[in-house]
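Only one structure is covered here, and it is reproduced in the block below.
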Amino acid sequence: MSDTDKKSPSNFIRDIIDSDLSSGKRAEVITRFPPEPNGYLHIGHAKSICLNFGLAKSYSGKCNLRFDDTNPAKEEQEYIDSIQNDVAWLGFDWGGEALYASDYFEDMYEWAKRLIKADLAYVDDLTAEEIRAYRGTLTTPGKESPYRTRSAQENLELFEKMKDGEFPDGAKTLRAKIDLTSGNLNMRDPVMYRIVRAVHPRQGDKWCIYPMYDWAHGLEDSIEGITHSICTLEFEDHRPLYDWFLNQLPELHHPRQIEFARLNINYTVMSKRMLMQLVKDKHVSGWDDPRMPSISGMKRRGYTPESIRDFCGRIGVAKVASTVDIALLEHCLREDLNKRALRRMAVLKPLKVVIDNYPEDQVEWFDGENNPEDPESGTRKIPFSRELWIEQDDFREEAPNKKYFRLAPGKEVRLKHAYYIKCVDYKKDESTGEILEVHCTYDPASRGGGTDDGRKVKGTSHWVSASHGVKSEVRLYSHLFSAETPGAATGNFLDDIDADSLEILTDALVEPALAEEAAFAGVQFLRQGYFCVDPDSTKDRPVFNRTVTLRDTWAKVEKQG
RNA sequence: UGGGACGUCGGCAAGCGGUUAAGCCUCCGGUUUUUGGAGCCGGCAUACGCAGGUUCGAAUCCUGCCGUCCCAGCCA
């Protein structure tokens, strides 16, 4: 994993760790990535994963993968499995078994009883609505629950009965006794346990009370000996509570919580709720739809783990809520793929070319380099014959300007790896305007794609032999959303879904070598972009997903006129 | 005067009292090229939210404004 070995740029978390290490406050660095298994991982999680595992690696410490499975109502084994797959795919190793907050439930329960005995927690009979009303508002203090003064003994008995299932769901809660007047709402007697009868993915129906995040999380970190507990900005307000709980159990190891800004990227959404909605309402084909920012979607799109890690390293870590340009993500992708993707020719929107002076039944096999960026990558054979397919975009009835150097009547272009051809004629359906076929002559002296006469042929087209081309399906993906900030205009992010974010081409023709690629393999279709083999592919009918286009300066020039 | 945090180039982001205010993406030129790809070269903040103050010296320290984000789940 050489990319994460690069010297990491300075950031405030490293500063804190450096200072904790040099002051002797800490002797090692232990971090953790603590997902709740209630959805699939996305690129935002990747930032956190790279941060936590990266820190552990660079300080020779360790990073745990811990499922924060404290709410069985939302959690499922499917997510536990997918999360482990995704973290592993990203290239990280959590050293053995994943850990689970639910494995600590027994300890947490005992510690809760300690707080009760110390008169620091009480069982409350208020309903959820009542608790909300008693909590006050942002600007007005809350008031104490009438049950706040129960004796420690009574609380202990009640809490045990809660655990033993003697009360219905929601009937009682265990609350910490802190301060109803605090300006920080989290300190207004937060709920520690609620009664929920739901089947837990790992604990089954063993428990009917479940700890809340604030009570559980610091304990989980403590048990695991976490030194630096890194989370996102919205937990800043929770840090006083994180510390308060741990301070009530002074013999416990007390990690330091540090908050950083979560990742936002333009033209996409990152909240689990929205991603879930896209999947459930079928705006996309699933969590692994190639337009999703989920790790599984990105994998299917053709992203490489290396490119994602590189991206996470480049965006930095800070406390400013910011939005990264998706162009940076795509840049990291192209940079990685450019080094390694095999070059192939594929005609997406075919136009027939007949080479009038080429022998009727002749076939030549040219050698094409697999990747000019990598001399070691070798070559493959490409068949050439009298009838070929070229891209519709590579022919015009009339050259628009002197900068245009593609095919047009009287103009000469190079067929990559093959010959120069000159357009001598073309057929057109006058009623529809459709170009039916183009007739050319080739120059035998240009075999291989060049001549000795110093003739300049600036245009190079990709092509596929008509009799050898393999019919394929090509799925052209673009950004799922057409607005930089989905929902900014109407308040509903769904309004900004781009109806054209997927274009399916069913008549594409690819060179024979392309029919042999394995699923997820990334290749470059010359002059067009990077594509990968979709798992929907069959022997008879390959399916390719466009990962990302190549940069296209001609398109830019044309746009500007 | 509810609490917490944050404001450095179009977008990220270094900088921690003395720097010509890093780097990356985008963008714009040029060069090169059998991918209008890639590569290579160059350009792009006299300026650090604003206003004062401290100091020989401030993006860095202080004060006051202004702006943005987060918090009222028995979610995490």
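What you see is a predicted model; the values in this text were computed from it and never measured. In what follows, chains are A, B, ... by sequence order, proteins preceding strands, each numbered from 1.
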Please tell me which of the listed nucleotides, [options], lies nearest to the side chain of [X]?
| X | options | answer |
| --- | --- | --- |
| Gln524(A) | U35(B), A76(B), C12(B) | U35(B) |
| Arg194(A) | G37(B), C75(B), U35(B) | C75(B) |
| Arg135(A) | C75(B), G73(B), G7(B) | G73(B) |
| Pro372(A) | U35(B), A38(B), C12(B) | U35(B) |
| Glu36(A) | G36(B), C75(B), C74(B) | C75(B) |
| Val320(A) | A72(B), G3(B), C6(B) | C6(B) |
| Thr137(A) | A72(B), G73(B), U35(B) | A72(B) |
| Asp68(A) | G37(B), A76(B), U35(B) | A76(B) |
| Glu373(A) | A14(B), G37(B), C74(B) | G37(B) |
| Lys74(A) | C75(B), G36(B), G2(B) | C75(B) |

Expressed in whole Å, how much space separates the [atom1] atoms belonging to [N] and [M]?
| N | M | atom1 | answer |
| --- | --- | --- | --- |
| U55(B) | G39(B) | C1' | 50 Å |
| A14(B) | A47(B) | P | 23 Å |
| G67(B) | C28(B) | C1' | 32 Å |
| A58(B) | G4(B) | P | 31 Å |
| U20(B) | C44(B) | C1' | 16 Å |
| C71(B) | C65(B) | P | 25 Å |
| G15(B) | C61(B) | P | 13 Å |
| G57(B) | G18(B) | P | 14 Å |

Original post:
Separation of Asn186(A) atom CG from A5(B) atom C1', in whole Å?
Top reply: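 Spelled out: CG on Asn186(A) to C1' on A5(B) is 14 Å.
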**OP:** Just do the ring pair (Phe, Tyr, Trp, His ring centres under 6.0 Å) check on Tyr100(A) and Phe67(A) with the steps written out, would you?
**Re:** CA-CA 5 Å; Tyr100(A) 296 84; Phe67(A) 288 99; 5.3 Å; yes
Subject >> Any donor-acceptor N/O pair, Gln257(A) side chain to Phe235(A) backbone, under 3.5 Å >> reply: yes
**OP:** Examine distances only and state if a side-chain atom of Asn155(A) and a backbone atom of Arg150(A) form a donor-acceptor pair shorter than 3.5 Å.
**Re:** yes
Using the ring pair (Phe, Tyr, Trp, His ring centres under 6.0 Å) criterion, which residues pair with [X]? Sequence neighbours excluded.
| X | result |
| --- | --- |
| Tyr109(A) | Phe159(A) |
| Phe311(A) | none |
| His331(A) | none |

Original post:
Does anything in residues 127-144 of chain A pair up under salt bridge (charged side-chain N to carboxylate O under 4.0 Å, His left out), and if so which pairs, sequence neighbours excluded?
Top reply: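 Applying salt bridge (charged side-chain N to carboxylate O under 4.0 Å, His left out) to every pair that reaches into residues 127-144 of chain A, excluding sequence neighbours, yields Glu144(A)-Arg148(A).
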Side-chain donor-acceptor distances from residues 162-169 of chain A under 3.5 Å, at least two apart:
residue   : atom : partner   : partner atom : Å
Asp169(A) : OD1  : Arg197(A) : N            : 3.2
Asp169(A) : OD1  : Arg197(A) : NH1          : 2.7
Asp169(A) : OD2  : Arg197(A) : N            : 3.0

Original post:
Would you say the base of G36(B) and the side-chain of Asp552(A) have a donor-acceptor pair closer than 3.5 Å?
Top reply: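 No, no donor-acceptor pair under 3.5 Å.
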Original post:
Leu126(A) near the nucleic acid: base, sugar-phosphate alone, or nothing, with a heavy-atom cut-off under 4.0 Å?
Top reply: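 Base, at least one base heavy atom under 4.0 Å.
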Original post:
Reckon His462(A) touches a base, only the sugar-phosphate, or nothing at all at heavy-atom distances under 4.0 Å?
Top reply: nothing
Subject >> For Asn184(A), all residues meeting side chain to side chain contact (heavy atoms under 4.5 Å, CB included), sequence neighbours excluded >> reply: Ser182(A), Asn186(A), Met187(A), Asp237(A), Pro240(A)
Subject >> Contact nearer the 5' end of RNA chain B, comparing Lys47(A) with Gly459(A) >> reply: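 Its nearest nucleotide lies further toward 5', so the answer is Lys47(A).
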Subject >> Non-neighbouring partners of Asp69(A) that pass salt bridge (charged side-chain N to carboxylate O under 4.0 Å, His left out), sequence neighbours left out >> reply: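 Residues passing salt bridge (charged side-chain N to carboxylate O under 4.0 Å, His left out) with Asp69(A): none at all.
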Subject >> Contact residues, residues 163-180 of chain A to RNA chain B [heavy atom, < 4.0 Å] >> reply: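 Residues of residues 163-180 of chain A under 4.0 Å from RNA chain B: Gly170(A), Thr173(A).
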Subject >> Aromatic centroids of Phe366(A) and Phe384(A) separated by under 6.0 Å >> reply: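 Ring centroids of Phe384(A) and Phe366(A) are less than 6.0 Å from each other.
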**OP:** Give a yes or no on whether the ring-centroid distance for Tyr419(A) and Tyr442(A) is below 6.0 angstrom.
**Re:** yes
Would you mind pulling out the nucleotide paired to [N], Watson-Crick or G-U wobble, both distances under 3.5 Å?
| N | answer |
| --- | --- |
| G23(B) | C12(B) |
| C74(B) | none |
| U60(B) | none |
| C69(B) | G4(B) |

Would you say [X] reaches [N]'s phosphate, i.e. side-chain N/O to OP1/OP2 under 4.0 Å?
| X | N | answer |
| --- | --- | --- |
| Thr460(A) | U33(B) | no |
| Ser461(A) | U35(B) | no |
| Ser10(A) | G15(B) | yes |
| Thr553(A) | G37(B) | yes |

Original post:
With centres under 5.5 Å and planes under 30° as the test, does Trp554(A) stack with G36(B)?
Top reply: yes
**OP:** Mark up nucleotides 21-27 of chain B, 5' to 3', with B wherever a protein heavy atom is under 4.0 angstrom from a base atom, S wherever such an atom reaches only the sugar-phosphate, and - elsewhere.
**Re:** ---SSSS
